[in-house]
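Quick notes on the structure that follows.
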Amino acid sequence: MTSLEDLDQLAARVPDGALLALAPDYSWVPMAAVRALIRRRVKGLHLLAVPISGLAADMLIGAGCVGTLEAAAVSLGEAGPAPRFSDAVESGAIKMRDSTCPAIHTALQAAEKGVPFMPLGGLVGSDLVSHRDDWKVVDDPLGRGGGPIVLLPAIRPDVVMFHSPRADVHGNVWIGRRRELMTMAHAAKSTLVTVETVEDEDFLADDATAAGTLASLYVTAVAKAEGGAKPLGLAGYYERDLAHIRAYAKEAATAEGFKRYLAREVLGQPARAAS
Amino acid sequence: MTSLEDLDQLAARVPDGALLALAPDYSWVPMAAVRALIRRRVKGLHLLAVPISGLAADMLIGAGCVGTLEAAAVSLGEAGPAPRFSDAVESGAIKMRDSTCPAIHTALQAAEKGVPFMPLGGLVGSDLVSHRDDWKVVDDPLGRGGGPIVLLPAIRPDVVMFHSPRADVHGNVWIGRRRELMTMAHAAKSTLVTVETVEDEDFLADDATAAGTLASLYVTAVAKAEGGAKPLGLAGYYERDLAHIRAYAKEAATAEGFKRYLAREVLGQPARAAS
Amino acid sequence: MNETNVMNAARHSPEEFLIATIARLLGGAGHVAVGALSPIPGCAALLARELGGGRPRVSIIHGDANNPFTDGGRELFDCAGQGRIDVFFLGGAQIDGGANINLVGAGGYPRPRKRFPGSFGSALMYFVVPKVILFAPEHSRRVLVKKVDFVSAPGTSPPEVRRPGGPTALVTGLCLMAFDAATKRFRLESVHPGHTVEEVRDNTGFDFDVPEDVPETPPPDADRLALLRTKIAAEIAKTYPDFAARVFGHVTIA
Amino acid sequence: MNETNVMNAARHSPEEFLIATIARLLGGAGHVAVGALSPIPGCAALLARELGGGRPRVSIIHGDANNPFTDGGRELFDCAGQGRIDVFFLGGAQIDGGANINLVGAGGYPRPRKRFPGSFGSALMYFVVPKVILFAPEHSRRVLVKKVDFVSAPGTSPPEVRRPGGPTALVTGLCLMAFDAATKRFRLESVHPGHTVEEVRDNTGFDFDVPEDVPETPPPDADRLALLRTKIAAEIAKTYPDFAARVFGHVTIA
């Protein structure tokens with residue numbers, strides 16, 4: 001059954017070396033939990049961006065939590081390149097597994113269905129394929145002359161984390177139109193969710209809310225974290241703080257600047273959200 | 001753009017011989033449109049049940065509209081076997097392509113992704129596989145010793161039809177937790193929807209309704225049909241009429257009885273819903 | 001059969017007996033899923049959950065009550081493929097001694113003498129759910145055959161086939177059998193009160209193992225019956241109002 | 001460049017010019033999709049829709065306005081795979097003369113001298129969308145290279161590869177080029193006002209075809225500019241408020 005706990009308990013559920021999946025910066029990213037992970041000094045994560053990331057990945061990389069990064073892209077969007085990511089790849093500090101958005105979605109769908117692989121169109125001739133020893137180009141296995149196609153092995157995350165505006169007391173979590181969160185949770189071994197509020201309701205009891213709900217069946221633990229996506233936004237609830245992200249981009253351009261940011265916004269403030 | 005038309009115009013969009021997909025009896029089946037199809041004497045349908053069907057398939061089969069039926073099962077549920085279906089298979093009047101629920105979902109997902117096939121677990125050793133010349137058992141194409149696995153070619157319906165409680169004026173359609181309708185629409189070349197009401201709103205404007213909405217991008221035409229699922233139910237709106245379905249099962253047990261039902265409930269009543 | 005059991009047997013309906021028998025097989029499971037048109041397994045799962053203080057989790061795909069699925073018709077099968085479903089129920093218009101099941105038709109294929117509804121999800125679920133309980137209320141040579149006419153899903157698979165799941169038990173109107181995938185045979189576990197091993201043998205078309213001592217299937221005790229007729233009746237009525245009315249006399253208030 | 005164009009050129013910003021240029025390429029399309037961080041292509045698509053009386057349909061994946069996608073992050077790619085998207089936009093930190101694009105890094109791999117964000121969805125979208133418009137505001141030898149250091153997505157594919165889509169045009173700050181998959185070469189279509197063929201050649205790292213007569217890219221007319229600064233500014237502000245404020249001076253009222 002779904003466990004209701006505090007942020008540090010939640011963060012303790014992510015073991016060193018875990019394959020941790022995070023959604024893009026616009027998709028309800030659990031920044032408070034990310035900061036809690038950094039505070040607990042998690043190490044050697046295999047971080048999977050589904051399919052891209054930004055501030056969350058950049059901070060985890062900068063803080064030395066990431067061993068391998070699999071992503072279609074990492075960027076701070078309007079605030080420019082992700083400085084700790086670029087630096088870590090250029091210096092070889094992390095192992096980069098470059099992917100492309102639909103390949104990550106597809107590999108998670110394979111895990112969601114419990115099949116060992118799924119095919120995907122395109123890709124053939126991209127250098128992405130030649131650098132991925134897990135992807136396999138095969139000649140149309142149906143034998144119908146369909147030409148070469150790439151098979152992508154399933155990706156089954158150890159942990160999926162996200163932040164939602166609302167859970168109910170039964171552990172059901174509202175995901176709205178953020179359906180990538182559902183695929184991620186289905187594919188993962190465990191799913192940890194921070195929320196703004198826990199409501200005394202049953203989201204599954206009404207067709208209108210059920211449609212946007214991830215059932216507690218897939219939710220390992222829920223922790224309350226008000227403002228838990230800040231300084232990123234929570235679509236429909238609060239806007240991201242673009243000034244904060246721009247200031248981060250500037251400060252984190254150097255390793256020293258990033259350390260300052262970390263000390264001030266993360267390590268120095270165990271309980272407070274950055275904003 | 002989505003076209004708003006009447007029931008007969010909608011039915012005219014289903015050509016003879018079309019691959020027509022319908023959801024199960026509990027999933028917002030467009031019975032008024034099915035009756036309109038029978039009235040327009042559609043012929044040679046390749047009917048795909050997603051993944052099972054009941055009254056809708058039985059009536060189309062009984063009325064001689066179906067050439068081939070692909071389904072994981074056809075049954076009237078509590079009302080017993082589907083009599084026209086059983087009779088047509090036993091007499092060889094229709095070509096039956098037996099499948100299994102997850103295979104139909106998976107083949108539609110392949111079409112949804114635009115890939116030629118998808119793998120599915122299980123199946124190996126089922127007689128379903130030996131009777132399907134389109135399914136292919138291959139040895140783990142990743143070459144990792146995963147053993148035999150079945151590849152299912154994509155199924156791309158020509159037409160998907162369903163009944164929904166509500167569309168908005170932009171052609172967006174509420175599907176709630178009936179997500180199979182979304183997969184079907186994504187997979188299909190055209191999607192025809194009957195609705196109880198057309199509302200002067202934009203379902204996509206609000207996160208709460210967007211989560212349960214199929215965008216007009218995928219909707220070819222909408223027609224108003226109040227009570228359009230009757231005598232089946234529309235979950236959350238009206239219950240199915242089990243007495244009607246039981247009476248149907250009894251009357252349709254013979255070809256003559258079915259003809260009587262058809263004359264009385266379908267052909268004799270161009271504009272009225274059976275109930 | 002002893003006196004006490006005869007008395008107990010008189011106090012419950014056949015459905016209540018089967019529900020209690022199936023519920024006993026669900027102890028220790030984490031998640032029991034119930035397919036369409038399965039009111040007896042549904043009640044058994046809800047009873048087990050009540051007795052287990054909320055465990056196993058029960059998911060019923062029919063209707064909206066106890067139905068956690070919000071990702072469409074495929075989710076039950078995806079969920080099973082993920083390994084999240086521990087127990088599932090399957091029927092069989094024909095079941096043979098190798099636990100092969102036939103839901104398609106008796107006689108030839110594709111034009112059977114008698115057509116059944118079809119295979120539903122059996123050809124996947126039978127492979128991936130660790131504990132599949134076969135449920136066949138009609139215990140007869142018509143249902144329990146020497147060899148099925150069509151294999152909707154095979155009872156066992158060769159070692160190269162990935163198969164984390166399969167049949168573990170068969171519950172009929174006469175008895176409870178266990179299935180052993182290694183020997184590919186059923187073994188009689190218990191016979192329901194009022195019936196005999198001979199009767200089971202006479203009505204079974206396939207050969208099966210019979211231990212020296214075959215116990216009687218215990219009837220439901222008074223506590224369980226009381227639970228069934230109150231809490232479980234009210235709960236299953238949300239999914240199967242007709243069944244609840246017929247078996248428990250439970251009238252749903254809309 | 002003639003007098004009129006110089007005058008016209010003075011009346012619009014570089015962004016407005018590029019928007020109008022791209023919009024001109026969208027006539028006749030049924031559905032234009034716009035990826036993340038693409039305000040200029042986004043405005044172009046919205047302008048084309050306005051001029052076309054509602055056609056093309058425009059889908060912007062960033063934010064909730066003009067975003068029809070309710071099936072998660074994969075839907076854009078599924079939708080393209082279904083053949084429902086006629087036009088899409090891609091950039092390239094490097095683009096070469098064969099229309100190969102590099103979004104990954106300059107220098108070696110996996111440790112490039114200069115790392116870019118990554119390939120995003122290019123490795124699928126470039127294959128399945130019939131008309132991919134490459135957009136590279138910086139027209140320089142740094143961006144338009146002889147050969148990309150990493151192929152995020154190839155410009156063309158051998159005949160055995162299923163590829164219904166690919167690049168058709170390249171819009172830069174200096175010019176408009178068309179791409180011909182048969183010859184695997186770009187051809188200069190027009191040069192923007194204030195610039196010359198020589199300048200394009202000097203700033204392009206790859207060889208391309210130049211017809212005898214190279215017209216000037218027409219600037220946006222007054223009607224289009226007015227539309228852009230009113231209706232389109234208000235519409236794009238729902239997705240890119242900062243861009244709308246900077247380029248059109250449009251302030252969003254929350």
Side-chain angles (χ1 to χ4, degrees), chain B residues 1-3 21 105-118 153-158 160 164 167-191 202-220, chain D residues 28-34 45 48-50 52-88 121 123-130 160-166 234-235 237-239 254:
Chain B
M1 300 286 148
T2 310
S3 163
H105 292 304
T106 300
L108 289 171
Q109 282 185 282
E112 179 178 56
K113 288 202 96 62
V115 293
F117 65 88
M118 268 197 196
I155 299 178
R156 190 162 181 220
D158 295 311
V160 158
S164 159
D168 71 18
V169 289
H170 308 283
N172 302 307
V173 173
W174 176 254
I175 57 162
R177 59 153 78 183
R178 303 262 77 85
R179 301 292 295 196
E180 57 275 3
L181 300 174
M182 184 172 283
T183 309
M184 289 163 68
H186 289 176
K189 292 178 197 159
S190 72
T191 294
D202 180 357
F203 294 168
L204 293 176
D206 179 354
D207 189 54
T209 46
T213 295
L214 173 71
S216 62
L217 169 57
Y218 301 99
V219 180
T220 311
Chain D
H31 184 199
V32 178
V34 181
R49 181 176 75 183
E50 190 62 33
R55 192 184 153 92
R57 178 187 282 273
V58 176
S59 298
I60 300 179
I61 68 160
H62 191 94
D64 282 348
N66 293 291
N67 183 346
F69 298 127
T70 56
D71 204 21
R74 68 168 176 256
E75 188 176 358
L76 170 72
F77 308 104
D78 287 357
C79 189
Q82 291 152 27
R84 289 188 209 267
I85 297 178
D86 303 312
V87 184
F88 192 67
L124 176 72
M125 298 302 270
Y126 216 27
F127 284 78
V128 296
V129 175
E160 69 271 20
V161 175
R162 187 180 167 273
R163 182 163 191 171
E235 195 63 23
K238 297 177 190 166
T239 309

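The chains referred to below are lettered A, B, ... by the order of the sequence lines, with proteins before strands, and numbering in each begins at 1. Keep in mind that the numbers below use all heavy atoms, side chains included, and drop hydrogens, waters and symmetry copies.
With values rounded to the nearest 0.5 angstrom, R84(D) atom CZ is found 6.5 Å from L217(B) atom CG. In this structure, I175(B) CD1 and T70(D) OG1 are separated by 6.5 Å, a value rounded to the nearest 0.5 Å. The structure places CD of Q82(D) at 5.5 Å from OH of Y218(B), a figure rounded to the nearest 0.5 Å.
Inter-residue side-chain proximity for D78(D) and H186(B) is flagged as unmet; no heavy-atom pair is nearer than 4.5 Å.
Residues of residues 106-117 of chain B placed with any heavy atom under 4.5 Å of a heavy atom in chain D are listed by number as A111(B), E112(B), K113(B), G114(B).
Here the closest non-hydrogen pair linking P68(D) and A215(B) is O-CB, 3.2 Å.
With a 4.5 angstrom heavy-atom cutoff, A154(B) does not touch chain D via any of its atoms.
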